[in-house]
Engineer: 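Pasting in a structure now, in C-alpha cells, and then I'll have a few things to ask.
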There are 2 protein chains.
Amino acid sequence: MARRTPSAPELHRRAVATYVAAGGEESVQRVITAVQSLTKKLDQWYVRQLADLDVTAGEWAVVTSLAKAGEPLTPSQLADLTNVAPSSMTHRLDKLAGRGLIERTPDDTNRTRIFVNLTEEGWRLFSLAIRGSDVVESDVLQDLSDQERGELARLLEVVIDRLDDIDA
Amino acid sequence: MARRTPSAPELHRRAVATYVAAGGEESVQRVITAVQSLTKKLDQWYVRQLADLDVTAGEWAVVTSLAKAGEPLTPSQLADLTNVAPSSMTHRLDKLAGRGLIERTPDDTNRTRIFVNLTEEGWRLFSLAIRGSDVVESDVLQDLSDQERGELARLLEVVIDRLDDIDA
DNA sequence: TACGAACTATTCGATGTCGAAATATTAGCA
DNA sequence: TGCTAATATTTCGACATCGAATAGTTCGTA
C-alpha cells in the first residue's frame, strides 16, 4: 500500500511552505493556495454531481454562462467565458444542441454572428443542478458564522474589483 | 462588434444574482462565486506565463505536486492530486521525462510501483515559475492590508479544515 | 463605390484525455 | 502452499481540445 493521502489542511500547510521556500511571499501564498485547493475540491464534486445528469464540466460551463448572462451569447463569447478555443466551442454547441439544451439562431443584423440560447430544457437542467450544488457549497461553509461569511465575501470582492486592471 | 465584455465585478454581481434566483443561498453564493472567478483569472495568467516556459497547465500540476510533496510520488498519486485519469498520467510522464524534468525509478520493495522524482532541471523550472507567478499573485492582493490578508487566509483555512469530512 | 483589414464561425490534422481492458504483482486467507 | 481479490501501471480505441487555415461578412476609408 502507498502512504495514506495527507489531509487537505496538511497539504495546504506543505504547499505554502514549499512556495515560500521557493521565493513566494507568505501572506500571498496562504491566500492563493487556499483558494486553489478549495476550487479543486469543488470541481471534483461538481464533476461527480454533473455526471449524474450526464453533463460534463465543459458543457456545464456553457449552460451557466448563458444563464448568468441572461441574454443570448455568441460562440466566441462563450469560448472566452469558459476559457476554451473557439473551435472547441463549435463541437460543444453541436453536442448541446443535439441534446436540446441550447439553440442557435442567426443574427439578422450581422450575418457573421450566431446567437446561442438556453432552451426550456436547458433552464430546467440549470435549476436542477444549482439546487444540488448549493447543498454541497453550504456544507463547505458550515463552520463560518453569517458574519464571517460576509467578511470572507467582502475581502474576496475587494480582490475581484482589481482583477481587470492587472492583465491590461 | 459585440457588446463589450462586462467587468469582473459586474460579472460577479450578475452571477450571484442568478444563482440566488435559482435557489442558492446568498451568503454561500457570494463566497463560492468569488472564489471561482478568482481562480479562473489566475488560471488564465498561469497558462500564459507557463507557455513562455513551454509547459502546459497539466504538466505544471505534476511539477508542483512533486515539489510540494517533497518526496517521490507514484503515477497514481499524481493522477489523484492533479484530477486526471491514471492512463493520462502515463503519457504526461512520458513527455516530462523526455524533457528531462522528471525521472521514473522502480520501487524495489513493490515491483508494481514506480516512483516519480523531480530532476535538477525540474526543480530549476519550478523555482523559475514560482518567482514569476508570485508577482502576479501579489498584484492581485495589493488592495488588501497585511491584516486583511491574514484574516482572508484564516477564513479560507477554516473552510479547508472541513473539506475532507464532506465527501466521505 | 471599391478595397483591404478585422472579425466570426467552422473545418482539419495533431495531440491530450478518458474509461475499459490487459498485464503484472502483492496481500489475504484457507 | 495455492487461490482469489485487490492494487498499479500501461495499452487501446473513442472522443475532446488545440492552433492554423478556410470561408464568409462587416467596417473603415480612400
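Not measured: the values here are computed from a predicted model. Chain A is the first sequence line, chain B the second, and so forth, proteins listed ahead of strands; every chain is numbered from 1.
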Engineer: Set out, in order, the CA-CA distance, both residues' side-chain angles and the distance that settles salt bridge (charged side-chain N to carboxylate O under 4.0 Å, His left out) for B:E59 and B:K95, then state yes or no.
Structural biologist: CA-CA 9 Å; B:E59 290 160 353; B:K95 241 188 105 187; 2.8 Å; yes

Engineer: What integer distance in Å separates B:R111:CZ from C:dT26:P?
Structural biologist: 5 Å

Engineer: Return the residues of residues 84-100 of chain A meeting this criterion: a heavy atom under 4.0 Å from some atom of DNA chain C. Order them by number, or give none.
Structural biologist: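 Contacting residues: A:P86, A:S87, A:T90.
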
Engineer: Specify the separation, in whole Å, of atom CG of B:D108 and atom P of C:dA24.
Structural biologist: 19 Å

Engineer: Output the rounded distance in Å from CG (B:L78) to P (D:dA8).
Structural biologist: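 After rounding, the reported distance stands at 13 Å.
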
Engineer: Among A:I32, A:T39, A:T33, whose side chain to side chain contact (heavy atoms under 4.5 Å, CB included) with A:Q36 holds?
Structural biologist: A:I32

Engineer: Using a strict cut-off of less than 4.0 Å between a Lys/Arg side-chain nitrogen and an Asp/Glu carboxylate oxygen, indicate whether B:R154 and B:E157 qualify as a salt bridge.
Structural biologist: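 No salt bridge links B:R154 with B:E157.
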
Engineer: List for me each residue that meets salt bridge (Lys or Arg N to Asp or Glu O under 4.0 Å) alongside A:R149, sequence neighbours excluded, and say none if there are none.
Structural biologist: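 Scan of A:R149 (salt bridge (Lys or Arg N to Asp or Glu O under 4.0 Å), adjacent residues dropped) gives B:E25.
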
Engineer: Can you pull the side chain to side chain donor-acceptor pair (under 3.5 Å) pairs that have at least one residue in residues 125-136 of chain A, sequence neighbours excluded?
Structural biologist: A:D134-B:Q29

Engineer: Ignoring the backbone of B:R104, work out which of D:dT10, D:dA8, C:dT8 is nearest its side chain.
Structural biologist: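 Of the options given, the side chain of B:R104 lies nearest D:dT10.
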
Engineer: Which residues, ordered by chain and number, are linked to A:V20 in its hydrophobic cluster, where ILVMFWY side chains connect at heavy-atom gaps below 4.5 Å, directly or through other members?
Structural biologist: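 Its cluster partners, ordered by chain and number, are A:V16.
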
Engineer: Which pairs, protein N/O on one side and nucleotides 1-4 of chain C N/O on the other, fall under 3.5 Å?
Structural biologist:
none

Engineer: Report yes or no: does A:Q49 contribute a side-chain atom to a donor-acceptor pair with the main-chain N or O of A:A129 at less than 3.5 Å?
Structural biologist: yes

Engineer: Could you pull out all residues at least two apart from A:R111 that satisfy salt bridge (Lys or Arg N to Asp or Glu O under 4.0 Å)?
Structural biologist: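 Salt bridge (Lys or Arg N to Asp or Glu O under 4.0 Å) list for A:R111, sorted by chain: empty.
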
Engineer: Heavy-atom nearest nucleotide on DNA chain C for B:T109 versus B:N83: which residue maps closer to 5'?
Structural biologist: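 It is B:N83 whose nearest nucleotide is closer to the 5' end.
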
Engineer: How long is the line joining CZ of A:R113 and C1' of D:dC27, in whole Å?
Structural biologist: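 Computing the A:R113:CZ to D:dC27:C1' distance gives 13 Å.
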
Engineer: Using five base pairs at each end, measure the axis-to-axis angle across the helix from C:dT1-D:dA30 to C:dA30-D:dT1 and round it to 10 degrees.
Structural biologist: 20°

Engineer: If Ile, Leu, Val, Met, Phe, Trp and Tyr residues are connected whenever their side-chain heavy atoms lie under 4.5 Å apart, and connections chain through other members, are A:V135 and B:V28 in the same group?
Structural biologist: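 As far as the 4.5 Å side-chain criterion goes, B:V28 and A:V135 are not connected within one cluster.
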
Engineer: If you look only at pairs with a residue in residues 11-47 of chain A, which of them pass as a ring-ring contact (aromatic ring centres under 6.0 Å, His included), with sequence neighbours excluded?
Structural biologist: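 For residues 11-47 of chain A, and leaving out neighbouring residues, there are no ring-ring contact (aromatic ring centres under 6.0 Å, His included) pairs at all.
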
Engineer: Without decimals, in angstroms, what is the distance between B:L73 CG and D:dT9 C1'?
Structural biologist: 15 Å

Engineer: In whole angstrom, what separates B:E59's CD from C:dT17's C1'?
Structural biologist: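 Distance, rounded to whole Å: 13 Å.
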
Engineer: Quickly work out the B:W60 CH2 to C:dG16 C1' distance and round it to whole Å.
Structural biologist: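 In whole Å, C:dG16 C1' lies 20 Å from B:W60 CH2.
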
Engineer: So if I apply the side chain to side chain contact (heavy atoms under 4.5 Å, CB included) rule between A:V35 and each of B:L152, B:L156, B:V140, which one comes out positive?
Structural biologist: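 Running side chain to side chain contact (heavy atoms under 4.5 Å, CB included) over B:L152, B:L156, B:V140 with A:V35 returns exactly one hit, B:L156.
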
Engineer: What N/O pairs connect the protein and nucleotides 3-5 of chain D at under 3.5 Å? Give each pair on its own line.
Structural biologist:
none

Engineer: Do the side chains of A:E26 and A:R30 get close enough for a salt bridge, i.e. N-O under 4.0 angstrom?
Structural biologist: no

Engineer: Pull out every residue in residues 44-56 of chain A that has a heavy atom closer than 4.0 Å to any atom of DNA chain D, ordered by number, or say none.
Structural biologist: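 Going residue by residue through residues 44-56 of chain A, none turns out to have a heavy atom under 4.0 Å of DNA chain D.
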
Engineer: With sequence neighbours excluded, tell me which residues meet ring pair (Phe, Tyr, Trp, His ring centres under 6.0 Å) with A:W60.
Structural biologist: A:F126

Engineer: Is it true that a side-chain atom of A:Q142 and a backbone atom of A:D139 form a donor plus acceptor pair closer than 3.5 Å?
Structural biologist: yes

Engineer: Atom CG of A:N110 to atom C1' of C:dT8: distance rounded to whole Å?
Structural biologist: 8 Å

Engineer: Verify, without hydrogens or angle tests, whether A:D164 (side chain) and B:S7 (backbone) share a donor-acceptor contact under 3.5 angstrom.
Structural biologist: no

Engineer: Under the rule for salt bridge (Lys or Arg N to Asp or Glu O under 4.0 Å), what residues qualify as partners of A:K41, not counting sequence neighbours?
Structural biologist: B:D167

